[in-house]
Amino acid sequence: MDYDSTTIPAGYDLARNHTPEVLDLWMNTIASCFGQGSISTVLDLGCGTGRFSQALASHFAADVVGVDPSAKMLEQARAKSHSSRVRYAMGRGEEIPLPSRSVDLVFMSMVFHHFKIPALVARECGRVLRNGGLVFLRAGTVEQISSYPYVPFFPGSLPIMERTLVPNQVVRDTFESAGLRTIEAGILIQQVASTYAAYADRIAAGGDSVLAELDPLEFEAGLKALRAHAARVDPKAVTEPIDFFAFANSAPCVAPAGRSD
């Protein structure tokens, strides 16, 4: 999706931001995958509005370069308060604008399905990664789509995701074919909203690229159904499963609580 041709960047953070607890869950998972080595430089590839960039810089006391092809997303990222250790640059995964062997960690969140040539992205990640480094992905896969909490309210999202997302094994094969070794793959269950009413507000902000493909009338009907459900069941937290993958030549990963295989 060309985010610059949409209104998604303006509402992306309202729709997709994470609580400190969820960010800590992901940072701790990355750290456990990385092992005992130090992380001094991070590439946040497909950084979008930078929703993980500052957490990566703070948790690992590292310099972070956020790279994204969308000028509108980067505008939102740069407008946020962030440390001097975080900077942003326009670029694509197929041609990462960084020198070879320049980063210890390549982090990607929910961007695999946006890559035009995933195999080339994987090779580029291998090129910029230092020896002993880690490629870590959060990714949507076809195995999880029926578990996404908005699907019952927006059934038209299923064929879109079936067309857009790939199987878990395809993600693994893509990076392994580029010479990287899978050291861990699993699922984390993360909270996305404290109540269904709050979740409906996030959905209404329009930050999901799948739901953006729905007919407007279908989207409004789904949102109405979601709000009606919230009125019946709240207060109830909303969670979703997210696949993660770690590729490197390092010790096995032991994920913190919240992990599900």
Side-chain angles (χ1 to χ4, degrees), residues 3 6-30 47-56 58-59 73 76-77 79-81 109-111 113 138-161 164-165 186-244 255-261:
Y3 281 92
T6 73
T7 60
I8 289 176
Y12 194 82
D13 281 341
L14 181 59
R16 305 291 291 272
N17 258 4
H18 291 306
T19 64
E21 292 77 15
V22 170
L23 290 172
D24 283 345
L25 176 64
W26 285 105
M27 295 304 107
N28 290 335
T29 301
I30 296 168
C47 65
T49 62
R51 61 188 180 133
F52 284 96
S53 301
Q54 184 58 54
L56 289 162
S58 299
H59 189 94
M73 296 291 259
Q76 295 288 327
K80 293 179 181 179
S81 175
S109 175
M110 309 303 284
V111 296
H113 59 290
R138 299 170 75 249
T141 65
V142 294
E143 287 87 353
Q144 301 304 327
I145 58 177
S146 62
S147 300
Y148 291 160
Y150 64 56
V151 167
F153 310 100
F154 302 92
S157 65
L158 272 174
I160 297 172
M161 287 189 283
T164 305
L165 302 182
I187 300 166
L188 285 184
I189 307 299
Q190 64 177 28
Q191 180 172 309
V192 291
S194 58
T195 65
Y196 269 91
Y199 184 58
D201 289 341
R202 290 169 69 93
I203 294 295
D208 190 282
S209 61
V210 170
L211 297 182
E213 293 192 37
L214 294 177
D215 177 86
L217 292 178
E218 185 178 2
F219 179 81
E220 289 303 321
L223 188 59
K224 181 179 179 180
L226 176 55
R227 292 197 188 281
H229 179 76
R232 293 193 300 271
V233 304
D234 276 345
K236 184 177 181 181
V238 184
T239 62
E240 67 180 3
I242 302 293
D243 288 271
F244 73 89
R259 153 84 182 279
S260 170
D261 285 326

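Keep in mind the model is a prediction, meaning the values are calculated, not measured.
Between R227 and D234, no side-chain nitrogen of the basic residue sits less than 4.0 Å from a carboxylate oxygen of the acidic one, so the salt-bridge criterion is not met.
Once rounded to the nearest 0.5 Å, the distance linking NE2 of H229 with OH of Y196 reads 4.5 Å. The distance from atom CD of E240 to atom CD1 of I187, rounded to the nearest 0.5 Å, is 12.0 Å. Separation of atoms CG (D24) and OG1 (T19) is listed at 8.5 Å; rounding is to 0.5 Å. The CD1 atom of I242 sits 4.0 Å away from the CE atom of M110 when rounded to the nearest 0.5 Å. L188 CG to T239 OG1: the interatomic distance, rounded to the nearest 0.5 Å, is 12.0 Å. Annotation: the span from K236 atom NZ to T195 atom OG1 amounts to 12.0 Å, rounded to 0.5 Å.
At a threshold of 4.5 Å between non-hydrogen side-chain atoms, the residues M161 and Q144 do not count as touching. Side-chain contact check for L214 versus I160: some heavy-atom pair is nearer than 4.5 Å. At least one side-chain heavy atom of I203 sits under 4.5 Å from a side-chain heavy atom of F219. Taking 4.5 Å as the limit, every side-chain heavy atom of V192 sits out of range of all side-chain heavy atoms of V22.
The minimum heavy-atom distance between P149 and Y199, with the atom names listed, is CG-OH, 3.3 Å. When all heavy atoms of A204 and L223 are compared, the closest pair comes out as CB-CD2, 3.8 Å. The minimum heavy-atom distance linking F52 with M27 is given by the pair CD2-CE, 4.0 Å. Considering every non-hydrogen atom in both K80 and G50, the closest pair reads NZ-C, 3.9 Å. Of all heavy-atom pairs between A77 and G48, the closest is CB-O, 3.8 Å.
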* To do: Starting from the C-alpha separation in whole Å, work towards a yes-or-no answer on side-chain contact (heavy atoms from CB on, under 4.5 Å) for T141 and L165.
  => CA-CA 5 Å; T141 65; L165 302 182; 5.8 Å; no
* To do: In sequence, state the C-alpha distance, the side-chain angles, and the governing distance for S146 and V151, and then conclude on side-chain contact (heavy atoms from CB on, under 4.5 Å).
  => CA-CA 7 Å; S146 62; V151 167; 5.8 Å; no
* **Audit row: Q191, E21, side-chain contact (heavy atoms from CB on, under 4.5 Å) steps and yes/no** => CA-CA 9 Å; Q191 180 172 309; E21 292 77 15; over 6 Å; no
* Which is it for R51 and Q76 under the side-chain hydrogen bond (donor to acceptor under 3.5 Å, both in side chains) test, yes or no, and what are the steps along the way? -> CA-CA 10 Å; R51 61 188 180 133; Q76 295 288 327; over 6 Å; no
* Report the C-alpha separation of H113 and S209 in whole Å, then their side-chain angles, then the decisive distance to 0.1 Å, and conclude whether the side-chain contact (heavy atoms from CB on, under 4.5 Å) test is met. => CA-CA 11 Å; H113 59 290; S209 61; 4.2 Å; yes
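Put simply, the side chain of R202 never gets that close to the backbone of A197: no donor and acceptor are under 3.5 Å apart. Without hydrogens or angle criteria, S58 side chain to A55 main chain gives no donor-acceptor distance under 3.5 Å.
A side-chain contact (heavy atoms from CB on, under 4.5 Å) with Y150 holds for exactly one of L226, V210, V238; it is V210.
Classification of the W26-F244 ring pair by plane angle, with boundaries at 30° and 60°, yields perpendicular.
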